[in-house]
Every structure is written in structure tokens, then in C-alpha cells.
Amino acid sequence: MTSKKTGAVPRHIAVIMDGNGRWAKRRLLPRLAGHKQGVESLRRCARACVERGVQVLTVFAFSSENWNRPQEEVSGLMSLLATALAKEVSQLSRDGVRLYFVGDRSSLSEKVRHGLAQAEQQTAHNTRLILNICFNYGGRWDIAQAAEKLAAQGVAITPESLDKAMALAHVPDPDLLIRTGGEMRISNFLLWQAAYSEMYFSASLWPDFDEAELDLAIGAFNGRERRFGQTSEQIQQPSTPTVTA
Ligand code: FPP
């Protein structure tokens, strides 16, 4: 997507799903109840993306820093992941969703790692939507692991080689990055890949983020001019190709 105000649907949407805890607190429920409702909201959002022709949805489910939350919440999120996999993967697969889990798997339990690999395998043939679930992911981790990989291979570190070694090398960069929950920061999410993403901040808590909210975000995206470092004039009147002898 390089043109101005195309009215087209973003090819890749990334989401920081914030606000589960507050959603639960307002209902005097434990925080985990908010995360459970967050899974419902994720299912709804994935289906809405399929219906709208979005090709890639990337969500932040557990950050490298989330290990610092109370032990009860961390283990709750781990078991929620296991339950969600058991419950949701078949339906996601029927909807044409291909799952990828993105992040550092080395500190996850053998059982969780097995579940992730199985879900990826089970959905590998699907082509309607790629759903990247970032779990134990951090933007700094991603850049560091890519650099480490290149160094180990003796490959020069350039923007292009790093790009190919990043954890999201299988998809184009996000066109639109949505954060729910009212905060306006990137919180170590796709630091490299969001270089030219359009940002959209929603005050809605993630469990309340529905199809109408998604359409508002897509509408806002469509009103933006994406310049990728060029001037507005260049975008509106693409230069004629240089003729070389
Ligand atoms: C941020 O809300 C949300 C998370 C840290 C977890 C996101 C997880 C889900 C939406 C469920 C999907 C997860 C799996 C396992 C597939 P917060 O807890 O920081 O909310 P708060 O800012 O209101 O406290």
C-alpha cells in the first residue's frame, strides 16, 4: 500500500490488545476473566478481518515483560493459551486462518511449545488470513535475535538482511497498528516492522473492541496519507520512470 487514501482495506493489521484487566476490574472480576473475554474478542476480530479481506492480523498476546506480572496471572495466561488452542483452532481453521506463533519459545513449557507447533501444523494449509500471535515477544528481543542469527552465519548486518532474519519475515510490514485501552505507546511491540505503520489508538478496552470499532480504525486509516519519507506532491503525482540509455 503506497498510494494516498486508496479506500482499500489494510493488508496487514497489528493490534496491542490492551485493557483486559480494567474490563474485569470494572465488573469486580479477577483479571483473568478479562483475558478470557479477550480471547472472545480476538476470535471476533479475526473473523471480521477474514470478512473484510485483511490478509494478515498480528496480535500482542504476551510480552517479554509480562513475566513480571503476578505469578497467578502469568500461569493463568499460559493455561488460557493452552485452553484457547484446544477450543479455537478447529473453528479458526474452518474460517481459513493460518496460525503462526511469534516470539521466544525457549522459556515456554514443553507442553505449550508442543501445542503451538501442532496448531501451526494443523492450520498450515489455510490461505484466507495469517494470524500471528506474538507470545513471549518483544521488539527488542526480535531485533537482537535477528542480529545474533546473522552474526552466527557471518552475514553482514544491513537493514535488508535484518529484515529477512526478523520473526515476522513471512509477512509484509503492518499497514495499520491499533492499540486499544487508551494508552498511546508502542510498549516494545513491532519496533522494527512498525516503522511506517499508521497508528490508531482506541479508548475501548480490548474485550469491547468489536467489528464497528475495527471499521472505525480502517476508516481512519483510509483517511491518512502514507508518504514513506516522500513529499505529499510526490505521492500525488508519481514521477515518470527515469529513462536510461
Ligand atoms: C493487556 O491487557 C493484555 C494482555 C497482557 C494479554 C492479552 C491477551 C489476550 C487478549 C488474550 C489472548 C491470549 C491468548 C493466550 C491467545 P492488560 O492486562 O494490561 O489490561 P489493563 O491495562 O486494563 O490492566
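No hydrogens, no waters, no symmetry mates; every other heavy atom, side chains included, goes into these values. Order of listing sets the numbers, starting from 1, for every ligand and every atom in it.
- A cation-pi geometry, defined here as NZ or CZ lying under 6.0 Å from the six-membered ring centre and within 45° of its normal, holds between Arg27 and Trp23.
- The two residues Met199 and Arg224 have their closest heavy-atom pair at O-NH2, 2.8 Å.
- Pairs engaging residues 111-121 under the side chain to side chain donor-acceptor pair (under 3.5 Å) rule: Arg105-Glu120 [sequence neighbours left out].
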Please tabulate, for side-chain N and O atoms in residues 163-173, each donor-acceptor pair with protein atoms closer than 3.5 Å (sequence neighbours left out).
unit_1	atom_1	unit_2	atom_2	d
Asp163	OD1	Trp192	NE1	2.9
His170	NE2	Asn132	OD1	2.8

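- Every protein residue with a heavy atom nearer than 4.0 Å to ligand 1 is included here: Met17, Asp18, Gly19, Asn20, Gly21, Arg22, Arg31, His35, Gly38, Val39, Ala61, Asn66, Arg69, Leu81, Trp206.
- Ring pair Tyr196/Phe228 is tilted by interplanar angle, where 30° to 60° counts as tilted.
- Evaluation of the ring pair (Phe, Tyr, Trp, His ring centres under 6.0 Å) test over residues 65-86, restricted to residues two or more places apart or in two chains, returns Phe62-Trp67.
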